[in-house]
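Here is the naming used below: chain letters follow the sequence lines, and residue numbers restart at 1 for every chain.
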Protein chains: 2
Amino acid sequence: MQHKPNIVDIAEITGFSITTVSRVLNGKGEKYRISKATREKIKSVAEELEYVPNEFARNLRIGKSKTIALIVPSLKNPFFAEIASVVNTEVRKYGYITLIGDSDDQVENEKTELSHLSSRSLDGMIVVPCGEKWDHLVKVHESGLPLICIDRYFEDTSLSYVSSDNYEGAYSATKYLIDQGHTDIACIQGVRHSMPNIQRVKGFTDAMKDAGMDTYTVTGDAFSEQNGYLETKLLLSRGKRPSAIFAFSNMIAMGCLKALKEENVRIPEAISLITFDDNPYMNYIDPPLTCISQPVEDICKIAVKILFSHILDDDKTPKHVLLKCTLKVKESVKNVSYSS
Amino acid sequence: MQHKPNIVDIAEITGFSITTVSRVLNGKGEKYRISKATREKIKSVAEELEYVPNEFARNLRIGKSKTIALIVPSLKNPFFAEIASVVNTEVRKYGYITLIGDSDDQVENEKTELSHLSSRSLDGMIVVPCGEKWDHLVKVHESGLPLICIDRYFEDTSLSYVSSDNYEGAYSATKYLIDQGHTDIACIQGVRHSMPNIQRVKGFTDAMKDAGMDTYTVTGDAFSEQNGYLETKLLLSRGKRPSAIFAFSNMIAMGCLKALKEENVRIPEAISLITFDDNPYMNYIDPPLTCISQPVEDICKIAVKILFSHILDDDKTPKHVLLKCTLKVKESVKNVSYSS
DNA sequence: AATTAAGGAATAATCGTTTGAGCAAAATAA
DNA sequence: TTATTTTGCTCAAACGATTATTCCTTAATT
């Protein structure tokens, strides 16, 4: 037998019918009253032949692929790489496979990936959407393919989502800066229309207003290093420099660091820096960055759980979950209460 | 039409046969002399219905899946995340899909992934192997599934591989340390049996010997942060501390940093540090780490190219490619020539 | 007028599984 | 003994695409 063995081969060798073989191999032997002797014989032959079922034939027949797709803006961003890693691991626990798509933060790519992937009869989809429109996502979802958004999401839709409580996270980061005596704070935001960004801006401005402050800046338009770099350069060139910068992502923070270093502005002596997102490198950066850490692992686990409740239990009610962030105080924020 | 349209639907609507529809949609219209009018009609109907061929049926019939699998030791390691990102992008260019498997650096998982994935009639496979045995990989390859190793590989096999020239990289890093006046150097290695590690150790010791030095240490046994941390702790507790540490991976270097920080050992004043692997964070670490940068992007691109030459051109000759690394001098190595 | 060629499209088998329906023999009940 | 149930297993039709083979028109050639 040089070709890959299939159930027909096993049926011929054991002398039983294809049906019986299929049932035994699917663990439905008991249910269909196949005798123990038969079951064991079939199983042993299957093992001997190193039989591996052809997923395509199986998928074709039952219309399910045991495959879900994950679309992220960019795998190169460690934040999304971690998401990919966790989702991949969690999904495997259900015996499913994950296809990963990279949208490069372009809605067009997102759409292309969506249609590419959907030719593979997916059973579900997890998306970190990158656009400001979501018709295409809702359409997919309404066509019967369970879809859940993580990190970025949309309100007022039938789509489930799991994300951080960005408002609260930004609020507490800002409050922390204020408590440390900062009065002139600039925040460098990410993609403007994205929900995390909207919430963060809101959290930031609310915290400022609640503290009765009005000298603040909100600038920037991408979660990228480049944006962080350019905006920081601009901030530094202003007449009066802010005393603290709030970067809305780890990539933005990298850009800030680059710019601050270039201009020889010491952190936190000359300017304080706080950022969204945490990762192992943060501890070794000069100085270690105080940050708002998102519960990435939990977000992914919950998202996968919800997705499978949609897939397996046919539970269609949209679920909306926001998880608390944690403020991790390190060394990039200076207390200026007394020195100013 | 509420269900997903298939070629039968299109055949019924247009009034042509399934055969004709299939041929037109596969671009074989000309070849089979289907009239232009017919072709256009079929195409327009297909478009209108948003027809997407069922890949499973297609794969089942033709035995190809337009899918390749990538197995990496851990997606959480930015080095492998980058590999995943690039491979994914490159593979898409051929119209193929990438399935990503995470072996968590355990051969057992690698084998499980291998069999899991192979039930999906893969067309090819890219593996960063994690074990010291490769029978299972060769077996897969010899069973007709093109397989290529990247980063880690094995000599004397029929498997193709693409990797860095680890020997040369380690040699030049070591030489650099020596040129800076270091005489007592410790290197913290990764997984011992892995080829990159073997080559790096060889590069390191050869460079030391060529310079007539014999006070060096080779220690450690994993590419992990933990290993870097523990080994550095041990090194620091020795009577005579080395003047420089050579970390064999970015994760190991993180561990070193952690230990050095804990012990208040200043880099590079008290001890110099050089590491394998580069990434954006390296520039913002305190101090920026001098490193050996691997051409990850090129490695992946070449690997994908070779893989597809195996898949598409049926070119079975094993290819072995090693790419040069680059020494990136930053600020973590002190010149001790004159000070000692 | 008969034969051949070429254009254009259909029939039906096939890929490897799953599964509703069904059937013969053995065991049990009446 | 006959009727009923249980046991153990099989038939054959899907799933949606591909493709070798065959078939029917016309048009061209002999």
Side-chain angles (χ1 to χ4, degrees), chain A residues 1-43 45-46 49-67 118-123, chain B residues 1-43 45-46 49-67 118-123:
Chain A
M1 188 118 7
Q2 70 222 45
H3 70 294
K4 275 181 102 178
N6 55 30
I7 44 172
V8 178
D9 298 324
I10 298 180
E12 275 168 5
I13 293 173
T14 58
F16 295 106
S17 73
I18 296 176
T19 307
T20 302
V21 173
S22 168
R23 288 186 167 142
V24 169
L25 263 24
N26 279 302
K28 295 180 184 164
E30 296 239 43
K31 188 175 160 195
Y32 287 98
R33 302 174 312 232
I34 312 287
S35 72
K36 197 164 183 195
T38 304
R39 276 184 272 153
E40 277 170 2
K41 183 163 184 196
I42 290 176
K43 277 182 190 163
V45 170
L49 260 48
E50 294 185 351
Y51 167 74
V52 182
N54 180 317
E55 287 292 330
F56 293 128
R58 158 173 249 269
N59 297 161
L60 175 58
R61 179 61 232 251
I62 65 184
K64 305 240 162 223
S65 60
K66 285 206 162 201
T67 301
S118 68
S119 67
R120 308 212 162 212
S121 330
L122 299 172
D123 293 338
Chain B
M1 187 118 7
Q2 70 222 47
H3 70 294
K4 274 182 100 178
N6 56 28
I7 43 171
V8 178
D9 298 323
I10 298 180
E12 274 168 7
I13 293 172
T14 57
F16 295 109
S17 74
I18 297 177
T19 310
T20 302
V21 173
S22 170
R23 286 184 168 145
V24 169
L25 263 24
N26 279 302
K28 294 180 184 164
E30 298 241 41
K31 189 175 160 196
Y32 287 98
R33 304 168 314 223
I34 313 282
S35 71
K36 199 164 182 195
T38 304
R39 277 185 273 154
E40 278 170 1
K41 181 159 185 202
I42 290 176
K43 278 182 191 164
V45 171
L49 260 48
E50 295 185 350
Y51 167 75
V52 183
N54 180 318
E55 286 293 328
F56 295 129
R58 159 174 249 268
N59 297 162
L60 174 59
R61 181 62 234 256
I62 65 184
K64 304 243 162 222
S65 61
K66 285 208 162 198
T67 300
S118 69
S119 66
R120 308 214 163 210
S121 330
L122 299 172
D123 294 339

Engineer: Please report the distance, rounded to the nearest Å, between CD in E30(B) and C1' in dA9(C).
Structural biologist: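 It is 17 Å, rounded to the nearest whole Å.
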
Engineer: Which part of the nucleic acid, if any, lies within reach of I7(B) when heavy atoms closer than 4.0 Å are counted: base, sugar-phosphate only, or nothing?
Structural biologist: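 Contact class for I7(B): base.
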
Engineer: Please determine, for the side chain of T19(B), which listed nucleotide (dA10(C), dG16(C), dA9(C)) has the closest atom?
Structural biologist: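 Among the listed nucleotides, the one closest to the side chain of T19(B) is dA10(C).
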
Engineer: So which one's nearest nucleotide on DNA chain C is more toward 5', F16(B) or I62(B)?
Structural biologist: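 Nearest-nucleotide comparison on DNA chain C picks F16(B).
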
Engineer: With a 4.0 Å cut-off on heavy atoms, is N26(B) in touch with a base, just the backbone sugar-phosphate, or nothing at all?
Structural biologist: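 Sugar-phosphate contact only - N26(B) comes under 4.0 Å of backbone atoms but never of a base.
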
Engineer: Between S17(B) and dA10(C), does any side-chain N or O lie under 4.0 Å from OP1 or OP2?
Structural biologist: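 Looking at the OP1 and OP2 atoms of dA10(C), one of them is under 4.0 Å from a side-chain N or O of S17(B).
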
Engineer: Measure from NZ on K41(B) to P on dA9(C) and round the result to the nearest Å.
Structural biologist: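 Those two atoms, NZ and P, are 11 Å apart.
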
Engineer: Roughly, in whole Å, what's the span from NZ in K4(A) to C1' in dT17(C)?
Structural biologist: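 So the NZ-C1' distance, K4(A) to dT17(C), works out to 14 Å.
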
Engineer: Please check this pair: side chain of N6(B) against backbone of V8(B), looking for a donor-acceptor N/O pair closer than 3.5 Å.
Structural biologist: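 Checking the backbone N and O of V8(B) against the side chain of N6(B), a donor-acceptor pair under 3.5 Å is found.
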
Engineer: Check every strand shown and say whether K36(A) touches a base, only sugar-phosphate, or nothing at a heavy-atom separation below 4.0 Å.
Structural biologist: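 Nothing, no heavy atom under 4.0 Å.
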
Engineer: Considering heavy-atom distances to DNA chain D, does A57(A) or I18(B) have its closest nucleotide positioned more toward the 5' end?
Structural biologist: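 Final value for this comparison: A57(A).
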
Engineer: Of all nucleotides in DNA chain D with an atom under 4.0 Å from a non-hydrogen atom of chain A, which is the first and which the last going 5' to 3'?
Structural biologist: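 Going 5' to 3' along DNA chain D, contacts run dT7(D) to dG16(D).
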
Engineer: Can you measure E12(B) atom CD to dA10(C) atom P for me and round it to whole angstrom units?
Structural biologist: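 These atoms are roughly 13 Å apart.
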
Engineer: Could you tell me which non-hydrogen atom of S17(A) sits nearest to which non-hydrogen atom of A11(A), and how far apart they are?
Structural biologist: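 Looks like C-CB, 4.0 Å.
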
Engineer: Looking only at heavy atoms, what is the nearest atom pair of F56(A) and S65(B), with distance?
Structural biologist: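 Answer, listing the atom of F56(A) first, then S65(B): CZ-CB, 3.4 Å.
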
Engineer: Starting from C1' on dG22(C), measure out to CZ on R33(A) and report it in whole angstrom.
Structural biologist: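 It is 11 Å, rounded to the nearest whole Å.
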
Engineer: Figure out the CG/P separation between N54(B) and dC15(C), and round it to whole Å.
Structural biologist: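 One finds 18 Å between P of dC15(C) and CG of N54(B), rounded.
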
Engineer: Would you find a donor on one side and an acceptor on the other, under 3.5 Å apart, between the side chain of D9(A) and the backbone of E12(A)?
Structural biologist: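 It does not hold such a pair.
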
Engineer: If I compare all heavy atoms of G29(B) with all of R39(B), which pair ends up nearest, and what's the gap?
Structural biologist: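 For G29(B) and R39(B), the tightest heavy-atom pair comes out as CA-CD, 3.9 Å.
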
Engineer: Examine dA10(C): is either OP1 or OP2 under 4.0 Å from a nitrogen or oxygen in the side chain of T20(B)? Give yes or no.
Structural biologist: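 So the side chain of T20(B) is within the cut-off, an N or O lying under 4.0 Å from OP1 or OP2 of dA10(C).
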
Engineer: Any donor-acceptor pair, under 3.5 Å, between the side chain of R58(A) and the base of dG16(C), if you only look at N and O atoms?
Structural biologist: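 Donor-acceptor pair under 3.5 Å: no.
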
Engineer: Roughly, in whole Å, what's the span from CZ in F56(A) to C1' in dT14(C)?
Structural biologist: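 Atom CZ in F56(A) sits about 17 Å away from atom C1' in dT14(C).
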
Engineer: Please confirm whether the backbone N or O of I10(B) pairs with a side-chain atom of T14(B), one donor and one acceptor, at under 3.5 Å?
Structural biologist: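 Yes, because the side chain of T14(B) sits within donor-acceptor range (under 3.5 Å) of the backbone of I10(B).
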
Engineer: I want to confirm an ordering. Mapping R23(B) and L60(B) to their closest nucleotides on DNA chain C, which one lands closer to the 5' end?
Structural biologist: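 Counting from the 5' end, the first nearest nucleotide belongs to R23(B).
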
Engineer: Check each of N59(A), L122(A), D123(A) against K64(A) using the side-chain contact (heavy atoms from CB on, under 4.5 Å) test, and report the only one that passes.
Structural biologist: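 For K64(A), the side-chain contact (heavy atoms from CB on, under 4.5 Å) check succeeds only for D123(A).
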
